[in-house]
Structures are given as C-alpha cells and as structure tokens.
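Each remark here refers to the structure printed beneath this line.
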Amino acid sequence: MTRIGISVALLTPFDATGAIDTALLSAHAVDVMSKGAHGVTLFGTTGEGASVAIAERNPAITALLDRGIAAKHIFIGLCATSLGDTLAQIDQALAHGIDTFLLLPPYYFPAPDDAGLRAWHEALFARADTRAKFILYHIPQITAVPLSFDLVTGLRADFPERVIAIKDSSGNWDNTERLLKHGGIPVLVGDERFLHRALPMGASGSICGMANLHPARLRALFDTATEDVALSRQVDAVVAGPVIPALKALMVHQTGNAGWANLRAPLAPLDDTARTAIVAQGSTDDG
C-alpha cells in the first residue's frame, strides 16, 4: 500500500481582524516540516476549512509555496455541498500545482443513502480535472454523513485513479480495522491513538491535528509503530471537549504566540477552567 506518512492537519491562524495570518501559517508549516512531517493539509476540519472562503484560500496556498513547501507535500481540504463549489476549490489548487484533495462528502441533507453518495462522487469524478486525486474523508461525528464500508471499497475499486486513500477520523477502531484487513484501499488514521495499531496492519499514515504540536513525536510514532503513551493521554484530553479550541489553546501555551487563540465563529475559545485544565495536561505530557 502507498505510504503517505504524517501530514499535519494545519490549524489556521487568524489575526486580530479575523483575516488569515498567512505569515504565521506559512512559518508554522515550514516548522512542522522541518521537524519530520512528510506534508501538510490545508483547510481540513482542524483548519476550520468550513469557515474559510474560497477567495481566502489563494493567499494561504501562495504563502506556503513561497516559503518553499513543494506542491506535492500539500493536500487541500475540500469543504462544499455543491459540485460547482467543490470543483472551484479543486481548480483553484490545481492552478498552484496541488493535485491531492481531502474530500468531505456533501453534508447538508440528512442521511443520504449509499446510492445518493455514490452518484455525487461519480458526478464529481466525471467533471473534475483528470489530474485531481482524492482522499475520501470519513468523519461522521462532524458531517453526520458516514461513508459505509461498501461505498468506500466500491469507489476505490471502480475509480482507482481518483480514489487514492481514505482518512478514517471516526474514532471507531472496528471500522479502521475492517478497512485495513480488506486491504483494497490505503488507510490514513485520523485518531492518533490508533496509529501504532494500524501501522503494522499496513496503514499509510495519518492526517492529524496533534502533529501541529508534536510533529517530531508523530514522525517517530510513524517510523517505529510504537505508541507514544503521553501523547495518547493528551489526545484523550483534547477530544473530551471542543477539539479546535483546545488545540489552539495548546499552541498558545507551546509557542507563546497569543495569536493562535483566535477562532472564527461559531467556534469560541475555551473558558478559563477548561483552558487551564488542557494546558496543565499538555505541560504534564510534553516530551
């Protein structure tokens, strides 16, 4: 199976006016790459991609490229419900030489069945530029649109040039294990606590948020398939509450840069009690 490694699901920093801080974003991307990450993913869930307008994406992508990060090391999160908007995000990234996309399913209409989701993906693949490659994104606790085993394996079997992997961020080990045992599609693990179990079974790597804080430790985990117990405990603490505010609070603590605390509504910072608790856990487990 394809080895993708550790792609950092980049947090998106915002300045005091609410605009993307492209200088801080690109500096952070360079930093995590220098510490062992294989690549970075922009505009995913961790990056508040659903709150980033298409017009804002170009400057952010350009900032990373201008800092010397090769297009081949950048994945782009696609977050739209219409085919037209999804295609526009694809074409925008392709113009920069980026051809790999983390693809959310259409998430507005409730409980679409496999036939409807299959038709949506087929239409996208038919219309998208032939250069575009897709990582299916299973995160039903956010989208409320699960990607069934049969849908995933069927899309991979029928569109192998398009569907290059799946990111399983469900937090459900049984689902991850079933995909790995099937062996028909490269699997990227979203939950860092599963990575040491998944790698010996052939997992391709991870697109994950904790790599914003610990890129070297995630790289070591990938290289050795040995659990980082302290990191797993920190993941437990982060996922116990609002994940993105928790990660940004930890970034402020780790870097000393208060700008990392800025979020876009409807997300809001942790309250003082929660922030103190998450930072205390981070301090205990830093390594």
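Worth knowing before you read on, the calculation uses all heavy atoms, side chains too, and leaves out hydrogens, waters and symmetry mates.
Note: Asp223 CG to Ile6 CD1 = 8.5 Å, rounded to the nearest 0.5 Å. Within the model, atoms OG1 of Thr45 and CG of Leu102 stand 7.5 Å from one another, a figure rounded to the nearest 0.5 Å. Between Ser204 atom OG and Ile135 atom CD1 the span is 9.5 Å, to the nearest 0.5 Å. Separating the CE atom in Met201 from the NZ atom in Lys181 is a distance of 5.5 Å, to the nearest 0.5 Å. The OG atom of Ser26 sits 5.0 Å away from the CZ atom of Arg67 when rounded to the nearest 0.5 Å. Summarising the geometry, atom CD1 belonging to Ile244 is positioned 5.0 Å from atom CD belonging to Glu48; distances are rounded to the nearest 0.5 Å.
Nearest approach of Ala132 to Ile90, heavy atoms of both residues: CB-CG2, 3.9 Å. For Thr46 against Gly209, the heavy-atom pair with the smallest separation is OG1-CA, 4.1 Å. Of all heavy-atom pairs between Leu25 and Pro13, the closest is N-CG, 3.6 Å. Minimum heavy-atom separation, Val8 to Ala37: CG2-CB, 3.6 Å. The two atoms that bring Ala70 and Leu65 nearest to each other are C-CD2, 4.4 Å, heavy atoms only. The two residues Leu155 and Val163 make their nearest non-hydrogen contact at O-CG2, 4.0 Å.
Between Lys133 and Glu161, every side-chain heavy-atom pair lies at or beyond the 4.5 Å cut-off. Within the 4.5 Å cutoff, the side chain of His196 has no heavy atoms near those of the Thr226 side chain. Two residues are said to be in side-chain contact when any heavy atoms from C-beta on lie closer than 4.5 Å; His214 and Gln254 meet this criterion. Within the 4.5 Å cutoff, the side chain of Leu83 has heavy atoms near those of the Trp120 side chain. No side-chain heavy atom of Lys167 sits under 4.5 Å from any side-chain heavy atom of Ile4. Annotation: side chain of Ile164 is in contact with side chain of Thr100 (closest heavy-atom distance under 4.5 Å). With a 4.5 Å cut-off on side-chain heavy atoms, Gln89 and Ile76 do not count as touching. Here the side chains of Leu199 and Leu221 are in contact, with some heavy-atom distance below 4.5 Å.
A salt bridge is defined here as a Lys NZ or Arg NE, NH1 or NH2 lying under 4.0 Å from an Asp or Glu carboxylate O, and Arg127 with Glu122 fails to meet this definition. For Arg178 and Asp174, the salt-bridge test fails: no basic side-chain N is under 4.0 Å from an acidic carboxylate O. Of the charged side-chain nitrogens involved, none lies within less than 4.0 Å of a carboxylate oxygen, so that Asp99 and Lys72 do not count as a salt-bridged pair. With respect to the salt-bridge test (charged N to carboxylate O, under 4.0 angstrom), the residues Arg118 and Asp158 qualify.
Put simply, the side chain of His121 gets close to the backbone of Leu117: a donor and an acceptor are under 3.5 Å apart. The main-chain N or O of Ala211 is never found under 3.5 Å from a side-chain atom of Arg219 such that the two would form a donor-acceptor pair. At distances below 3.5 Å, at least one donor-acceptor pair connects side-chain atoms of Ser34 with backbone N or O atoms of Asp31. Side-chain N or O atoms of Asn212 include none that pairs as donor or acceptor with a backbone N or O of Leu247 at under 3.5 Å.
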key: Stepwise side-chain hydrogen bond (donor to acceptor under 3.5 Å, both in side chains) check, Glu227 with Ser232   = CA-CA 8 Å; Glu227 183 179 16; Ser232 290; 2.8 Å; yes
request  = Show the numbers, then the answer: is there a side-chain hydrogen bond (donor to acceptor under 3.5 Å, both in side chains) between Asp150 and Ser148?
outcome  = CA-CA 5 Å; Asp150 288 342; Ser148 74; 5.5 Å; no
message = Please determine whether side-chain contact (heavy atoms from CB on, under 4.5 Å) holds for the pair Ile61 and Leu42, giving the CA-CA distance in whole Å, both sets of side-chain angles, and the decisive distance to 0.1 Å.
response = CA-CA 8 Å; Ile61 294 169; Leu42 283 168; 4.0 Å; yes
inquiry  = Under the criterion side-chain contact (heavy atoms from CB on, under 4.5 Å), I'd like the reasoning laid out for Thr12 against Asp21: C-alpha separation, chi angles, the key distance, then a yes or no.
reply    = CA-CA 8 Å; Thr12 303; Asp21 187 337; over 6 Å; no
query = Passes side-chain contact (heavy atoms from CB on, under 4.5 Å), Cys79 versus Tyr107? Steps please.
reply = CA-CA 9 Å; Cys79 186; Tyr107 52 84; 3.6 Å; yes
request  = Go through the steps to decide whether Asp168 and Asn175 satisfy the test side-chain hydrogen bond (donor to acceptor under 3.5 Å, both in side chains), and finish with yes or no.
outcome  = CA-CA 8 Å; Asp168 185 359; Asn175 188 69; 2.9 Å; yes
query = Under the salt bridge (charged side-chain N to carboxylate O under 4.0 Å, His left out) criterion, do Arg217 and Glu192 qualify, and how do the steps go?
reply = CA-CA 11 Å; Arg217 289 167 68 178; Glu192 298 90 346; over 6 Å; no
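There is no side-chain donor-acceptor pair under 3.5 Å between Tyr137 and Thr143.
Judged as a salt bridge (Lys or Arg N to Asp or Glu O under 4.0 Å), and not counting sequence neighbours, the contacts of Arg275 are Asp272.
The environment of OH in Tyr108 is sparse: at most 12 heavy-atom neighbours from other residues, nucleotides or ligands sit within 6.0 Å.
Between His38 and Phe222, the gap from one ring centroid to the other is short of 6.0 Å.
A side chain to side chain contact (heavy atoms under 4.5 Å, CB included) with Leu195 is found for exactly one of Leu188, Thr176, Val189, namely Val189.
Ring-plane geometry between Phe101 and Phe134 is classed as tilted, the angle between the planes lying from 30 to 60 degrees on a 0 to 90 degree scale.
Under the 4.5 Å side-chain heavy-atom criterion for ILVMFWY residues, no single connected hydrophobic cluster contains both Ile74 and Ile54.
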